[in-house]
Undergrad: 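Input: one structure, supplied below.
Reminder, nothing fancy here: chain letters follow the sequence lines and each chain counts from 1.
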Amino acid sequence: MTMPKTFDFASAEGRLYDWWEQNGWFRPEAAPEDAEPFVISIPPPNVTGALHIGHALFVSIEDLMIRHARMQGKAALWLPGSDHAGIATQLQIERMFAEEGRSKDEVGREEFLERTWAWKERYGGEILNQLRRMGASCDWERERFTLDDGLSGAVRDVFIALYEQGLVYRGPRLVNWSPGLQTAVSDLEVEHAEETGKMYLFRYPLKDGGHIPVATTRPETILGDTAVAVHPDDERYRHLVGRRALVPMLNREIPVIADPQVDREKGSGALKVTPGHDPNDFDIGERHDLPVLNVMNRDASMNENAGPYAGLDRFECREKMWSDMEAAGLTIKVEDIRHSVPRSQRGGEIIEPMVSVQWFLRVKPLAQGALEAVRDGRIRIVPDRFTRVYYHWLENIEDWCLSRQLWWGHRIPAWYGPNGEIHVGRDAPTGEGWTAEEDVLDTWFSSGLWPFSTLGWPQETADLQRFYPTTMMETGYDILFFWVARMIMLGLWFTGEVPFRTVYLHGMVRDGLGRKISKTLDNSIDPLEYMDRYGADPLRFTLVTSGTPGNDVNVDVKRIEGNWRFVNKLWQMASFVKLNLGGHEGEWQHDSSPHDLYSRWILSRLDTLVRNANRQFDSYLYGEAGRQVHDFLWREFADWYIEISKIALHGDDVGARQRTLQTLVHALETGTRLLHPFMPFVTEEIWQHLPHEGETIMMAPWPQPDEELQDPDAEAIMDALVELVRGVRNARSEYNVPHGRRISAQLRPGLAGNHIDELRAMVGRLCRVENLTLLATEDSDPEGCATVVVNDSVVYLPLADLIDVDAERRRLEKERDQLQQRLQRAQGMLKNEQFVSRAPEAVVKRELDNRDELRASLEIVDARLASLRD
RNA sequence: GGGUCGUUAGCUCAACUGGCAGAGCGUUUGACUUACAUUCAAGAGGUUACAGGUUCGAGUCCUGUACGACCCACCA
């Protein structure tokens, strides 16, 4: 069966994917029962999501890891699934209802959830189908969803256990309130941006007359003040401690207190204390038993505690308040300042610190184990610089606000009794008057259980036994805290084991100019669009080879096109081999006599490639490995070996032809296997056309180095021959020898003289030189020739009609200058006794050889130049 | 205020444990050479941000500076 002219990825991808899946090769069961497991739990994409370039990156890397492990004979399990993504999904469904003109509250919880589930069933699989399109070899029979029954049970059990262990508590605390989403969010979901704002300085009136100057950036919070604080040692204000102040515009009486937390250097040195709206003040308030006043509603409009300002939006209130204070003569001045503003990671709106009753997890006890697991090496983080970041965060961790005022999520299993009792458990308590908790858990709480909940925990399932701890956690560094750290904490706490052995962190995808992908810049790179245009393989190869571990990758979309060309090039190499295999299939591998120089050379190079690739895979340097395979196949195999192979293939030595075919097949088939984890589709299709063992390249063995193939002599000789060919081509080009014109040449043999047959064949085939003849030692240099010098060998090209003596002289002078420069460098090093005595022997020897070769070349070039001057 | 990463060809990026700085794209010239014009050949293009240091030898290790990006932190 001959191969089509080009690779039709559009039809091949779906066909191959279905075939792989139907044969069960994505399942760990495809490996022998005693095979070592290799497990990745997928970072579950949001059900609402559509494949974006960030997904494409992680899929490319993880599928590469999984396919590599599978080819190594491991029981590879890539467990797929999706995340219910509380906030993101809820917002989407809210928008749907809004389009129908109904608010979430009008709809009610029950219908809202019904609709969300219906939507999830209908569209939630879309993102996973897009993963399939990329070639992701996940075990779809093990697919999980964070809100499915098993996982929900795990979440509930974990919550209850933590509550019973006294680690989960409920209470009023200052939280980050998102007025747009109307829910609390965790510290991690708040971003701090340096922005220009205003600092308002004003007089805090005292009841008995006088005032204290106080500064704030949020005048509306004055309405919630319950004290004015000064530093106990501050001479300026010490005498005022114990007096009473009056809240501006409300005239509510509050104390003047002394607290060491007040920074005398900041602002006016006196502090308005608003325990209900400032974390700092909340602490002070606790120490002094101050009332905690919340002056805002859920949407951050002012509430009844704001007196006349009730109902105003917080920013309207700020202006109104200030102008009223101005009128009352209380203001001093307003200054522009740069300060950091807390904004919602999702909506971008300003987060309001607000006191609120929420569920919290005391994280510190869990953090200890998570720190130890990395410190003692049970978990390794790659690249290891992230280890420090991880330590720093866990060492300073604060309690985690678990509750969210949403509907879509795991409902907190708590009930409130008529007398204020709290019941936490699997089932509702019996008896009258209990009401269920309305809030759900932070999405990341369920994600934190992902590596073991997906394997059946808390049941002692066979999967849990076999595949836990998992092997590799591959994800972006942006969710090291959100997700990775929490999986480690919860995994250790509940299973007693690390959830995974290695954490591999990749960077963020940026555009071709290094800019963040953003809607406002409109610079998104749509993976689907590029897969439509070029197929999945070029996209995958580009993503993996464009960067280095842990660093952001700037994706230059032109590289996708370039790698599509690479796919075609591969296809053409295979076509060539296949074509030449022709009717000889089966015959091609019978000849076991020693190989020719060319074949020994390419096999030696191939072995070096295999060696490098193995080392790089072991160090997670996938990008470098991919680039090297690419360069080998294109630059060495196709440009040189295939071209040279035509000598034997078109010759009449049957043995030589067969040995060459054997090498062609071996090198290409091996290269294809090396490439399979990067580009699964085209490699499978090609592999099927080549002679191979086994059913699928997916399960073919990963290439191993073979010491026998190393052949430094063949490499050295081929390097010289290749240089001679390049030199002849260069001379032809410089002298504008018409492309079709055949020329003759003479060789003054140095080392290359031992391989005159090979050289003759090569120049004949590759640069249209016929009649390469040998010059005897006593022969004088031929006249009117262009000269090509490589080491101690010289090729003379009789181009009398084209040679311009001046031009040839310039050419040789340039050559001489280059040689001299390199020779000087080598001689300089060798003259240095320190170098000779201290550098490794091999390095010195290489430099010696180098010098000798350069000297030989230079001598010849000089002689030629001298003869031209005559 | 702490910390991390980056700065290499016009652009986007490589360079494993220090050992002759590479690729793709772009650019110049030539070629439809029966696997491939989705290609091939030849060329141009670099003081590896800057200043010191260590070393026989530094893009690579150390110190500092500049610029850029990011992370953490309760700066009224």
Undergrad: Return no unless some side-chain N or O of Asn580(A) is found under 4.0 Å from OP1 or OP2 of A35(B).
TA: no

Undergrad: Any side-chain N or O of Arg388(A) below 4.0 angstrom from OP1/OP2 of U4(B)?
TA: yes

Undergrad: Would you say NZ of Lys198(A) has more than 12 non-hydrogen atoms from neighbouring residues, nucleotides or ligands within 6.0 angstrom?
TA: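 At most 12 heavy atoms, drawn from other residues, nucleotides or ligands, come within 6.0 Å of this atom.
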
Undergrad: List the residues meeting side-chain contact (heavy atoms from CB on, under 4.5 Å) with Arg729(A), not counting sequence neighbours, and say none if there are none.
TA: Trp640(A), Val725(A), Leu766(A), Cys767(A)

Undergrad: Below 4.0 angstrom from OP1 or OP2 of A42(B), is there any side-chain N or O of Arg729(A)?
TA: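 The answer is yes; a side-chain N or O of Arg729(A) sits under 4.0 Å from OP1 or OP2.
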
Undergrad: Choose from A42(B), C36(B), U12(B) the nucleotide whose nearest atom is closest to any side-chain atom of Arg559(A).
TA: U12(B)

Undergrad: Taking OP1 and OP2 of C11(B), is either one under 4.0 Å from a side-chain nitrogen or oxygen of Lys558(A)?
TA: no

Undergrad: Quick check for you: among G19(B), A35(B), C70(B), whose closest atom lies nearest to any side-chain atom of Ser575(A)?
TA: A35(B)

Undergrad: Does the side chain of Met325(A) come within less than 4.5 Å of Ile222(A)'s, by heavy atoms?
TA: yes

Undergrad: With sequence neighbours excluded, what pairs up with Phe7(A) under the ring-ring contact (aromatic ring centres under 6.0 Å, His included) test?
TA: Trp571(A)

Undergrad: Using a cut-off of 4.0 Å on non-hydrogen atoms, how would the nucleic acid contact of Val836(A) be classed: base, sugar-phosphate, or nothing?
TA: nothing

Undergrad: With a non-hydrogen cut-off below 4.0 angstrom, is His392(A) in contact with a base, only sugar-phosphate, or nothing?
TA: sugar-phosphate

Undergrad: Just compare A35(B), A23(B), C70(B) and give me whichever is closest to any side-chain atom of Arg635(A).
TA: A23(B)

Undergrad: Would you indicate what Thr216(A) reaches in the nucleic acid, counting non-hydrogen atoms under 4.0 angstrom: base, sugar-phosphate, or nothing?
TA: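 Sugar-phosphate contact only - Thr216(A) comes under 4.0 Å of backbone atoms but never of a base.
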
Undergrad: When we call it a touch if two heavy atoms are under 4.0 Å apart, what does Met508(A) touch: a base, just sugar-phosphate, or nothing?
TA: nothing

Undergrad: Between Trp564(A) and C25(B), is there a contact of a side-chain N or O with OP1 or OP2 at under 4.0 Å?
TA: no

Undergrad: If you check the Asn280(A) side chain, which of U38(B), C40(B), A76(B) turns out closest?
TA: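 From the listed options, A76(B) comes nearest.
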
Undergrad: Donor-acceptor pair under 3.5 Å: do we get one between Gln628(A)'s side chain and the base of A14(B)?
TA: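 Answer no: no donor N or O sits under 3.5 Å from an acceptor.
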
Undergrad: With a non-hydrogen cut-off below 4.0 angstrom, is Leu480(A) in contact with a base, only sugar-phosphate, or nothing?
TA: nothing

Undergrad: Using a 4.0 Å heavy-atom cut-off, does Lys272(A) contact any base of the nucleic acid, only the sugar-phosphate backbone, or nothing at all?
TA: nothing

Undergrad: Would you say the side-chain atoms of Asn523(A) pair up with the backbone N or O of Lys516(A), donor to acceptor, closer than 3.5 Å?
TA: yes

Undergrad: Establish, with yes or no, whether the OP1 or OP2 oxygen of A42(B) is under 4.0 angstrom from a side-chain nitrogen or oxygen of Arg732(A).
TA: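 Checking A42(B) against Arg732(A), no side-chain N or O comes under 4.0 Å of OP1 or OP2.
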
Undergrad: Rounded to the nearest 0.5 Å, what's the gap from NZ on Lys272(A) to CD1 on Ile212(A)? Could you check?
TA: 13.5 Å

Undergrad: For the rings on Tyr622(A) and Phe617(A), is their centre-to-centre separation under 6.0 Å?
TA: yes

Undergrad: According to a strict under-4.0 Å criterion, is Lys814(A) in side-chain N/O contact with OP1 or OP2 of A44(B)?
TA: yes

Undergrad: Quick check on U38(B): is either OP1 or OP2 less than 4.0 Å from any side-chain nitrogen or oxygen of Lys5(A)?
TA: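 Negative; the distance criterion is not met.
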
Undergrad: Do His506(A) and Asn551(A) come within less than 4.5 Å of each other through their side chains, counting heavy atoms only?
TA: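 Counting from C-beta outward, His506(A) and Asn551(A) never come under 4.5 Å.
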
Undergrad: If you find the nucleotide of RNA chain B closest to Thr548(A) and the one closest to His650(A), which residue's nucleotide is nearer the 5' end?
TA: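 Nearest nucleotide further toward 5': that of Thr548(A).
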
Undergrad: From the list A42(B), A35(B), A14(B), which nucleotide is the closest neighbour of the side chain of Arg726(A)?
TA: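 Nucleotide nearest to Arg726(A)'s side chain: A42(B).
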
Undergrad: When you check the phosphate oxygens OP1 and OP2 of U33(B), does a side-chain N or O of Lys646(A) lie under 4.0 Å from one of them?
TA: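 No, because none of the side-chain N or O atoms of Lys646(A) sits under 4.0 Å from OP1 or OP2 of U33(B).
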
Undergrad: Donor-acceptor pair, Asp225(A) side chain versus Val247(A) backbone, under 3.5 Å?
TA: no

Undergrad: Looking at every strand, decide which applies to Asp639(A) at a 4.0 Å heavy-atom threshold: base, sugar-phosphate, or nothing.
TA: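 Sugar-phosphate: the residue Asp639(A), judged by heavy atoms under 4.0 Å, touches backbone atoms but no base.
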
Undergrad: For RNA chain B, what is the dot-bracket line, given that a base pair needs Watson-Crick (N1 to N3, plus N6-O4 or O6-N4) or G-U wobble (N1-O2 and O6-N3) geometry with both distances under 3.5 Å, and | means paired with another strand?
TA: (((((((..((((.....[..)))).(((((.......))))).....(((((..]....))))))))))))....

Undergrad: So what does Arg385(A) touch, heavy atoms closer than 4.0 Å: a base, only the sugar-phosphate, or nothing?
TA: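 Sugar-phosphate: the residue Arg385(A), judged by heavy atoms under 4.0 Å, touches backbone atoms but no base.
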
Undergrad: Quick check on RNA chain B: between Phe481(A) and Thr6(A), whose nearest nucleotide comes earlier from the 5' end?
TA: Thr6(A)

